[in-house]
Asks: 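If you scroll down you'll find the structure; I have some questions about it.
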Amino acid sequence: MALSALFSFLIFFALINLSGRFVHAQVTIPARFDGFLYKNRPASIDSIMIEAFFDPVCPDSRDAWPPLKQALDYYGRRVSLVVHPFALPYHDNSFVSSRALHIVNKLNPSATYDLLELFFSRQEEFYNQPTFNMSRASTVSCIANLATEAIGISYHSAVASGFSDRETDLMTRVSFKYGCSRGVFGTPSFFVNGFPLPDDSLADYNKWRSIIDPLITEQGIEREEPFLHLVL
């Protein structure tokens with residue numbers, strides 16, 4: 001039996017070496033790009049694109065949001081933001097909270113960031129210890145009530161039923177898988193124009209300025225170049 005198992009392993013190992021790579025499972029491609037646009041500012045070839053991976057019940061994500069928001073308001077349409085919810089497995093209520101963001105975004109995208117900020121301001125209510133003795137249904141009900149505060153009482157039944165909607169479950173899973181595909185393993189994580197930022201530039205307005213100002217300046221030079229060529 002042991003020799004048979006060893007022989008099978010050697011064949012498997014040889015096949016891997018011959019192929020030169022492992023076979024990876026196919027990930028279903030979503031119909032739309034993951035994430036939530038800030039103030040519905042569409043990205044263009046001339047805008048700086050920031051991608052932020054946030055866990056709604058992560059204190060580091062909460063602390064990183066105000067300086068980023070300040071920078072976004074300073075730069076206006078020159079900078080676009082997409083937030084991807086990334087449910088950390090060691091936060092018990094992270095997946096449900098991330099799902100709530102997808103539910104609200106599906107019903108009324110203009111309320112998505114209102115809910116994100118509500119989560120950040122009342123985050124302690126959904127930490128592991130305060131909800132330890134609560135049933136999952138009770139926790140979901142509390143989160144649905146919080147989401148209703150952000151989107152409006154008229155949406156309460158739609159928000160509650162959203163937690164039974166298979167589509168919102170899959171959307172939340174896609175967000176997590178997308179983060180993993182980008183090498184994300186913690187929150188907050190940031191990418192600027194597709195490139196990851198180091199951890200020491202996460203929660204400081206002046207550091208955001210030091211990252212984005214040179215890019216804005218460089219874009220301005222590039223836009224002027226075609227005119228200069230025409231004059232010459």
Side-chain angles (χ1 to χ4, degrees), residues 27-44 47-58 60-62 64-66 68-69 71-73 76-77 79-89 91-123 125-126 136 139-182 184 187-191:
V27 177
T28 301
I29 299 174
R32 60 179 295 276
F33 189 73
D34 179 73
F36 315 124
L37 272 173
Y38 180 66
K39 292 187 175 180
N40 291 319
R41 294 179 190 167
S44 72
S47 65
I48 309 294
M49 169 57 77
I50 299 174
E51 291 179 84
F53 291 83
F54 283 158
D55 180 336
V57 292
C58 167
D60 292 331
S61 295
R62 175 197 61 200
W65 173 237
L68 173 57
K69 183 180 180 182
L72 291 167
D73 292 340
R77 292 190 173 274
V79 176
S80 299
L81 169 71
V82 174
V83 164
H84 305 280
F86 189 76
L88 294 172
H91 293 156
D92 292 346
N93 301 309
S94 180
F95 188 87
V96 177
S97 302
S98 298
R99 189 174 183 179
L101 290 170
H102 277 292
I103 292 169
V104 166
N105 191 69
K106 184 179 177 183
L107 295 170
N108 181 4
S110 64
T112 307
Y113 279 85
D114 294 334
L115 177 57
L116 180 64
E117 292 186 334
L118 261 181
F119 272 123
F120 287 160
S121 66
R122 294 169 57 180
Q123 199 177 68
E125 298 175 28
F126 304 103
R136 179 173 175 80
T139 304
V140 169
S141 178
C142 289
I143 290 175
N145 290 338
L146 186 72
T148 300
E149 290 184 36
I151 196 172
I153 191 65
S154 61
Y155 285 95
H156 179 72
S157 61
V159 169
S161 63
F163 287 99
S164 301
D165 181 1
R166 176 64 174 164
E167 182 181 354
T168 63
D169 177 71
L170 292 175
M171 291 166 72
T172 312
R173 295 177 187 224
V174 165
S175 292
F176 179 77
K177 291 176 182 178
Y178 177 70
C180 292
S181 75
R182 299 290 299 276
V184 174
T187 59
S189 292
F190 298 103
F191 292 75

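In what follows, every heavy atom counts, from backbone to side chain, and hydrogens, waters and symmetry copies are set aside.
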Asks: Return the minimal non-hydrogen interatomic distance between Pro66 and Arg62, and the atom names on each side.
Replies: CD-O, 3.1 Å

Asks: What closest approach, in Å, do Gln123 and Val57 show between heavy atoms, and which atom pair accounts for it?
Replies: NE2-C, 3.4 Å

Asks: Heavy atoms only: give me the nearest Ile143-Ala100 pair and the separation to one decimal.
Replies: CG2-CB, 3.7 Å

Asks: Going by ring pair (Phe, Tyr, Trp, His ring centres under 6.0 Å), name the residues that satisfy it together with Phe36, two or more places apart in sequence or in a different chain.
Replies: His102

Asks: Just by distance, with hydrogens left out, do Ser94 and Asp55 show a side-chain donor and acceptor under 3.5 Å apart?
Replies: yes

Asks: Under 6.0 Å between the ring centres of Tyr178 and Phe86?
Replies: no

Asks: With a 4.5 Å heavy-atom cut-off, do Tyr38 and Asp73 have their side chains touching?
Replies: yes

Asks: So, taking the atom named CG in Leu116 and the one named OG in Ser97, what distance separates them when rounded to the nearest 0.5 Å?
Replies: 10.5 Å

Asks: Hey, what do you get for OG1 (Thr172) to CZ (Phe95), rounding to the nearest 0.5 Å?
Replies: 4.5 Å

Asks: Within this structure, what is the CG-CZ distance for the pair Leu146 and Arg122, rounded to the nearest 0.5 Å?
Replies: 5.0 Å

Asks: Is there a side-chain contact between Trp65 and Pro188 in this structure, where contact means two heavy atoms from C-beta onward sitting under 4.5 Å apart?
Replies: no

Asks: Of all the heavy-atom pairs spanning Phe53 and Gly179, show the shortest one and how long it is.
Replies: CE2-CA, 3.5 Å

Asks: Sequence neighbours excluded, which residues qualify as ring pair (Phe, Tyr, Trp, His ring centres under 6.0 Å) partners of Tyr155?
Replies: none

Asks: Check whether NZ of the Lys or CZ of the Arg Arg182 lies under 6.0 Å from the centre of the six-membered ring of Phe191 and within 45 degrees of that ring's axis.
Replies: yes

Asks: Mind listing the closest non-hydrogen atom pair of Leu81 and Ala52 along with its distance?
Replies: CD1-CB, 4.0 Å

Asks: Checking Asn105 now: which residues fulfil side chain to side chain donor-acceptor pair (under 3.5 Å) with it, not counting sequence neighbours?
Replies: Thr112

Asks: Please tell me if the side chains of His84 and Val184 come closer than 4.5 Å, counting only heavy atoms from C-beta onward.
Replies: no

Asks: Closest approach of Val82 and Tyr113, non-hydrogen atoms and distance?
Replies: C-OH, 4.4 Å

Asks: Given the rule in the side chain to side chain contact (heavy atoms under 4.5 Å, CB included) test, do His156 and Ile151 qualify, once you have shown the distances and angles that lead to the verdict?
Replies: CA-CA 8 Å; His156 179 72; Ile151 196 172; over 6 Å; no

Asks: Looking at Pro85, is its backbone amide N or carbonyl O close enough to the side chain of Ser98 to form a donor-acceptor pair, meaning the two atoms are under 3.5 Å apart?
Replies: no

Asks: Between atom CG of Leu115 and atom CD1 of Ile103, what is the distance when rounded to the nearest 0.5 Å?
Replies: 9.5 Å

Asks: Please report the interatomic distance CD(Glu51) to OG(Ser189), rounded to the nearest 0.5 Å.
Replies: 11.5 Å

Asks: Would you call Leu101 and Phe54 a side-chain contact if the rule is heavy atoms closer than 4.5 Å?
Replies: no

Asks: Donor-acceptor pair, distance only, cut-off 3.5 Å: does the side chain of Ser175 make one with the backbone of Met171?
Replies: yes

Asks: Just verifying a value: how many Å separate Leu72 CG and Ile48 CD1, rounded to the nearest 0.5 Å?
Replies: 12.0 Å

Asks: Which residues pass the side chain to side chain donor-acceptor pair (under 3.5 Å) test with Ser80, not counting sequence neighbours?
Replies: none

Asks: I'd like to check the side chain to side chain donor-acceptor pair (under 3.5 Å) partners of Ser157; sequence neighbours left out, ordered by chain and number.
Replies: none

Asks: Taking only residues two or more places apart in sequence, or in another chain, which ones meet Asp169 in a side chain to side chain donor-acceptor pair (under 3.5 Å)?
Replies: Arg166, Arg173

Asks: Are side-chain heavy atoms of Arg136 and Val96 found at a separation under 4.5 Å?
Replies: yes

